[in-house]
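Written below as structure tokens is the structure these notes are about.
As the structure is a prediction and not an experimental result, all values here were calculated from the model. In what follows, chains are A, B, ... by sequence order, proteins preceding strands, each numbered from 1.
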Amino acid sequence: MNTFFLTTPIYYVNSHPHLGHAYTTIVADAMTRFQRLMGRDAIFITGTDEHGDKIVQAAEKAGQEVGAFSTVISAEFRALWPQLNTRPAAFIRTTDPEHKRLVQEFLHRVHAAGDIYFGEYSGHYCYGCERFYTDKELEGGLCPQHQVKPDFISEKNYFFRMSRHQEWLTRHIRDNPDFIQPERYRTEVLTLLDSGILDDLCISRPKTRLTWGIELPFDSRYVCYVWFDALLSYISAIGGVGSAGYERYWPQAQHLVAKDILKPHAIFWPTMLRAGGVPLYRRLNVHGYWLTRETKMSKSLGNIVTPLDMAARYGLDAFRYFLLREMHFGSDANFSEEGLVARLNADLANDLGNLFSRVLSMVSRYCAGAVPAPAGDTDLESALKDLALECLANFQALFDAYRFSQALESLWELVRALNKYVDSAAPWTLAKKGDAKRLGTVLYTLLECMRKTALHLWPVMPEKAEDMYRQLGLVFQADTVLLPREKESFGLLNAGLPLPAPVSLFPRVD
RNA sequence: CGCGGAGUGGAGCAGUUCGGUAGCUCGUCGGGCUCAUAACCCGAAGGUCCCAGGUUCAAAUCCUGGCUCCGCAACCA
């Protein structure tokens, strides 16, 4: 089946949505829109992760009951996505009853398969932090937070036999170079796997310490460790193992995460799936962080960028464009308002917006506002068309590989070539000479290439792309578009179409 | 010797997998055009590709050693 299925992480509700969350979801949305234009049945899903210690603590800090607290934050995330023009096919909460049931069912399967055992865990426990510390984490034997000596306590817990699957996982990652992308993160995981034996994963928390979680189906004195619960949401969101949604989408599953949660996705999750007898996801796509002034964004530093402020100030599509154009997928990137404005002015206003403006105004002036008919091509057109098809083919291949920045660069190579073509062909001279045939060819060629450009931009800037389409006298309908044929031929724009009065697409910001 | 990333013209970055005349955008300077959002097009200046060794006919790219910066090990995409 020709499907495409992508997940964002389910965001942890101990903080409000920020630029990082917006980026990941916008990437997921753009990729999904792209795959749809490529002719696939494509969806992405998102949601919130709501269990665990940290949430209980955050709720206490806010002076709220934990269930009510996570509902409020979860709703903030859910409300943000439509405002960024992202359209998840599902929004899952790990507190959904159906998810809880599916997690318990999965735990049962793994337990029955013999991959969960009851054992004892000993460690340095700080009652102030309500957590265990490893020897490495302690500073001079003291808890780094409270500067007190933690108690050495033993606790009975359930463990997942992750170590049993280490060899198999290592081989799988070696044999499937695409399983973790970009390459550097694959290398990182392989280094980690080669550096020693994996510990088994402690997957329970005694209710004496934590009750905010999913109860273990085989022991009501415990709740499930958050990651074991959260990762399974990727399957709950489409109906659970064996459901119609699962059959349809899971075989093509890809995940999208930031580098901080590489380990749970690259190690915990595949071994869990293996133990539960569920086929693995196809691919894990890992991106970097947005930095502000060379340093990481964090609440304590007060340098959080609020996505909606930027969108409101400069336009949502310019914001989306900036995020995809500026960050090289996988590496960290810098976010700055100046950077955004620079891109908006240079790429969107000067190159793209101005191209539409100059061409549409000539069509309006020289062709009575209707798409002219092309006559014969000269070498100038042949060269331009060759370049256009090459740029579009590159765009499609790069976008498909999550190399958004390079994909857009490739598209802008075409935009610049179009501006250059205007200068070389000089339609104003043709108009003066009264060479209607040649003028028709030049302007038609431009309009057709602009149509292709708008089409390819839709995943990144849906509203503006639809505006561009309208300017070309067309109505954009995603289901009727097929990108693959667009990189092969010209002439899908019909001559004679009346065009509306030109409107500025991207006004400059000064 | 905790793990990882980065160091390329004034700024921001590609290129490093599979060595072969150093590339893009912005900025600067000069020119062109007049259809256009003071936009667009052409040309120019500007680089010891962190340093030192090594391999090679040839190294930004491979190997060894070192320096500097940053991130993770605490929240967090």
Side-chain angles (χ1 to χ4, degrees), chain A residues 8-12 14-28 46 54 57-58 129 131 133-134 136-137 144-145 177 182-185 187-189 191-192 195 256-263 286-291 294-301 304 307 323 325-328 330-334 336 338-339 342-343 345-366 403 405-406 409 412-413 415-432 442-443 446 502-510:
Chain A
T8 75
I10 47 170
Y11 303 115
Y12 211 44
N14 64 341
S15 78
H16 303 275
H18 57 62
L19 177 65
H21 302 109
Y23 173 73
T24 311
T25 308
I26 286 170
V27 167
T46 188
K54 302 272 162 40
Q57 285 167 21
C129 302
R131 58 162 289 198
Y133 280 98
T134 62
K136 271 188 190 170
E137 288 173 324
Q145 291 288 312
E183 182 75 19
R184 63 210 300 186
Y185 295 107
T187 310
E188 193 174 326
V189 172
T191 308
L192 192 72
S195 69
L256 184 61
V257 298
K259 61 183 186 181
D260 60 323
I261 49 176
L262 174 62
K263 192 174 167 184
V286 188
H287 67 76
Y289 277 134
W290 282 99
L291 312 175
E294 295 299 319
T295 150
K296 181 183 168 181
M297 208 174 302
S298 81
K299 275 185 285 182
S300 47
L301 292 172
I304 298 271
L323 293 182
R325 177 64 183 80
E326 193 73 6
M327 178 178 268
H328 288 88
S331 314
D332 292 350
N334 286 297
S336 72
E338 303 80 66
R343 286 258 175 237
N345 283 338
D347 299 358
L348 299 180
N350 295 353
D351 288 345
L352 181 62
N354 184 50
L355 172 69
F356 269 74
S357 179
R358 64 198 302 211
V359 173
L360 291 171
S361 112
M362 286 189 280
V363 173
S364 154
R365 188 178 306 185
Y366 306 144
R403 299 174 69 172
S405 183
Q406 286 108 318
E409 226 174 302
W412 251 255
E413 195 183 332
V415 171
R416 292 199 187 92
L418 292 172
N419 272 318
K420 185 171 178 172
Y421 172 72
V422 173
D423 281 32
S424 315
W428 50 90
T429 307
L430 299 172
K432 273 178 207 152
V442 171
L443 292 178
L446 283 164
V503 191
S504 179
L505 285 163
F506 300 98
R508 280 181 61 89
V509 174
D510 292 302

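- Nucleotide B:G27 forms no Watson-Crick or G-U wobble pair with any nucleotide shown, as no partner meets the under 3.5 Å limit on both distances.
- Comparing the P positions of B:C13 and B:U56 gives an interatomic distance of 36 Å, to the nearest angstrom.
- The side chain of A:Arg184 has B:A6 as its nearest neighbour among B:C35, B:A6, B:C76.
- The two residues A:Leu256 and A:Thr24 come nearest to each other via the heavy atoms CD2-O, 3.3 Å.
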For each nucleotide in nucleotides 36-45 of chain B, reading 5' to 3', give B when a protein heavy atom comes within less than 4.0 Å of its base, S when such contact involves only the sugar-phosphate, and - otherwise. BB-SBBS---
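- Taking A:Arg325 as the reference, A:Ser405 meet the side-chain hydrogen bond (donor to acceptor under 3.5 Å, both in side chains) condition, with sequence neighbours excluded.
- Nucleotides B:A38 and B:C33, compared at atom C1', are 14 Å apart to the nearest Å.
- In this structure, B:C3 and B:G71 make a Watson-Crick or G-U wobble pair, each of the two defining distances being under 3.5 angstrom.
- Using N1 to N3 plus N6-O4 or O6-N4 for Watson-Crick, or N1-O2 and O6-N3 for G-U wobble, each under 3.5 Å, B:U48 pairs with nothing.
- Atom-to-atom, OH of A:Tyr289 to C1' of B:A6 comes out at 17 Å; the value is rounded to the nearest Å.
- B:G53 and B:A60: their P atoms are spaced 14 Å apart (whole Å).
- For B:G53, the paired base is B:C63 (Watson-Crick or G-U wobble, both distances below 3.5 Å).
- In this structure, A:His21 atom NE2 and B:C75 atom P are separated by 14 Å, rounded to whole Å.
- Rounded to an integer number of Å, the gap from CD of A:Glu188 to C1' of B:C72 is 9 Å.
- Comparing B:G66 with B:U28, their P atoms sit 44 Å apart, to the nearest whole Å.
- Atom OH of A:Tyr366 and atom CG of A:Leu430 lie 9.0 Å apart (nearest 0.5 Å).
- Across all strands shown, B:G9 has no partner, as no Watson-Crick or G-U wobble contact with both distances under 3.5 Å is found.
- Using P as the reference atom, B:U48 and B:G43 are 24 Å apart when rounded to the nearest Å.
- Put simply, CZ on A:Arg325 is 7 Å from C1' on B:U25, counting in whole angstrom units.
- Taking atom OH of A:Tyr185 as the reference point, atom P of B:C3 lies 18 Å away to the nearest angstrom.
- By the 6.0 Å contact criterion, CZ on A:Arg403 is open, its count of non-hydrogen atoms from other residues, nucleotides or ligands being 12 or less.
- In this structure, CH2 of A:Trp428 is placed 15 Å from P of B:G32, rounded to the nearest angstrom.
- One can place CG of A:Asn334 at 13 Å from P of B:C70, the figure rounded to the nearest angstrom.
- Atom CD of A:Glu326 and atom P of B:C26 are 13 Å apart (whole Å).
- A:Val509 places a side-chain heavy atom less than 4.5 Å from the side chain of A:Asn345.
- Side-chain atoms of A:Asn419 come within 3.5 Å of backbone N or O of A:Asp351 as a donor-acceptor pair.
- Nucleotides of RNA chain B nearest to A:Tyr11 and A:Leu192 differ in position, and the one nearer the 5' end is that of A:Leu192.
- For the P atoms, the distance from B:A22 to B:U16 is 16 Å, rounded to whole Å.
- A:Pro9 comes within contact range of the sugar-phosphate backbone alone, with a heavy-atom separation under 4.0 Å but no base atom that close.
- For the P atoms, the distance linking B:C50 with B:G7 amounts to 8 Å, nearest Å.
- Considering only the side chain of A:Gln406, B:G15 comes nearest among B:C13, B:G15, B:C76.
- Listed for the A:Asp332 side chain is a donor-acceptor partner under 3.5 Å among the backbone atoms of A:Tyr289.
- Rounded to whole Å, the P atom of B:U61 lies 14 Å from the corresponding atom of B:G54.
- Between A:Ala346 and A:Asn350, the shortest heavy-atom contact is O-CB, 3.4 Å.
- Summarising the geometry of A:Leu348 relative to A:Trp412, their closest heavy-atom pair is CD2-CZ2, 3.9 Å, with the distance given to 0.1 Å.
- When both pairing distances are held under 3.5 Å, B:C35 makes no Watson-Crick or G-U pair with any nucleotide shown.
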